[in-house]
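Here's the structure we're looking at; comments come further down.
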2 protein chains.
Amino acid sequence: MSLTDIHTPVRTGTDAACCAPASRDAIGAEAAETLARSLKALADPARLRLVSMVAAHPDAEACVCDLTEPLGLSQPTVSHHLKVLVEAGLLTRDKRGTWAYYRLVPGALDSLAALLAAV
Amino acid sequence: MSLTDIHTPVRTGTDAACCAPASRDAIGAEAAETLARSLKALADPARLRLVSMVAAHPDAEACVCDLTEPLGLSQPTVSHHLKVLVEAGLLTRDKRGTWAYYRLVPGALDSLAALLAAV
DNA sequence: CCACCGCATCGATGGATGTCAATTCATGGG
DNA sequence: CCCATGAATTGACATCCATCGATGCGGTGG
């Protein structure tokens, strides 16, 4: 399921609910899992700072060596967090020569925020 | 620190960064922790569904008995998730008689989404 | 006054996760 | 050809977390 497919009309339960049957449909279980996976990727101080630091760099591009020292974490840990962010579709990795450059995926943060507000 | 106080001008590191010094300021470590705490509260499928189910109910209000069965989780687990959401400032709890009614905190989701988009 | 019901809390447990040191991989320069 | 450097991977470890069953607590009705 894609992140753009959250409010599919999945009934939220049977009609045997104790008090009231819901006036509109809540998000379905799969949509919730999809959104939760994306939010989990950002629900970490180190990863939030990484995203922000990449966005703050000139050309919105940064290599690992730019990020390790200001973050105060070891290089493997930073690499790990960056991998999580790439797999979540928030960053892209571009290896040029010795260095690996990370960029924001345009619009990824905004669509995530939009989905969050629509829950 | 409050959630409305993310982009305070905290320098992200020393000037000894290896490649480029950053063209604008990234969010500070404390702001990142604050935002991460809020996002963690929502970065769970069960809690996302709970928020959505509460919002979907008539009068945007639901008691635990409304939520346990459609969610497919035990009552203690649902109570636990609701507590997390209340502590994160996303829901309010109102005990009336035998039942505990949960409501969305107006604007909480939207301001969180706005902060996310501004990272 | 007592039994029942809705909900919160407690304790335990299995699994996910953040972190680092050590290692490996890849690339470029001598 | 080998070494130096930047980055990813691996393995280990401690901690956190989602979940449940059992229990406790307050309110309602008989």
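Reminder, nothing fancy here: chain letters follow the sequence lines and each chain counts from 1. Note that this is a predicted model, so its numbers are computed, not measured.
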Sugar-phosphate, base or nothing in reach of A:Arg96, heavy atoms under 4.0 Å: nothing
Min side-chain heavy-atom separation B:Leu73-B:Thr68 under 4.5 Å: no
Selected nucleotide, minimal atom distance to B:Asp44 side chain, candidates C:dT17, C:dC7, D:dA18: D:dA18
Main-chain N/O of A:Lys40 paired with A:Arg47 side-chain donor or acceptor, under 3.5 Å: yes
Contact under 4.0 Å: A:Arg47 side-chain N or O vs C:dG18 OP1/OP2: yes
CG on B:Leu109 to CG on A:Leu116, rounded to 0.5 Å: 5.5 Å
Whole angstrom value for the distance that separates C1' of C:dT17 from NZ of A:Lys83: 14 Å
B:Asp59 backbone acceptor or donor facing B:Arg103 side chain under 3.5 Å: yes
Distance, rounded to the nearest Å, where B:Glu69 contributes CD and C:dC7 contributes P: 14 Å
Touch class at under 4.0 angstrom, heavy-atom based, for B:Lys95 against every strand present: nothing
Nearest-Å distance for atom pair CG/C1', residues A:Leu39 and C:dA16: 17 Å
Sugar-phosphate only, base, or nothing, as touched by B:Thr77 at under 4.0 Å among non-hydrogen atoms: base
Gap between atoms CG and P, on B:Asp94 and D:dG27 respectively (whole Å): 14 Å
Listed nucleotide nearest any side-chain atom of A:Ala100, set D:dA7, C:dC7, D:dT19: D:dA7
Candidate nucleotides D:dA7, C:dC7, C:dG6, ranked by approach to the side chain of A:Ser79 - the nearest: D:dA7
Nucleotide of C:dC20, D:dA8, C:dC7 approaching A:Tyr102 most closely (side-chain heavy atoms): D:dA8
Nucleotide nearest A:Trp99 (side chain, heavy atoms from C-beta), chosen from C:dC7, D:dA8, D:dG6: D:dG6
N or O in side chain of B:His80 less than 4.0 angstrom from D:dA18 OP1/OP2: yes
From D:dT5, D:dA8, D:dA22, nucleotide with atom closest to A:Gln75 side chain: D:dA8
Electrostatic pair B:Glu61:B:Arg96 at N-O distance under 4.0 angstrom: yes
Closest listed nucleotide, where the reference is the side chain of A:Leu73 and the choices are C:dG6, C:dC20, D:dG6: C:dC20
same_hphob_cluster(A:Val84, A:Leu67) at 4.5 Å side-chain heavy-atom cutoff: no
Length of the CG-P vector between A:Leu48 and C:dG18, whole Å: 12 Å
B:Tyr101 OH - D:dG27 P separation (whole Å): 15 Å
Sugar-phosphate, base or nothing in reach of A:His81, heavy atoms under 4.0 Å: sugar-phosphate
Whole angstrom value for the distance that separates C1' of C:dG18 from CZ of A:Arg49: 15 Å
Which nucleotide in C:dC7, C:dG28, D:dC20 has an atom nearest any side-chain atom of B:Ser74: D:dC20
Protein-nucleotide distance (A:Glu87, atom CD; C:dG18, atom P), rounded to Å: 12 Å
Options D:dA18, D:dC17, D:dG6, nucleotide nearest the side-chain atoms of B:Lys40: D:dC17
Whichever of A:Val78 and B:Leu82 has its nearest DNA chain C nucleotide further upstream toward 5': B:Leu82
Residue mapping more 5' on DNA chain C - nearest nucleotide basis, A:Ala43 or A:Pro76: A:Ala43
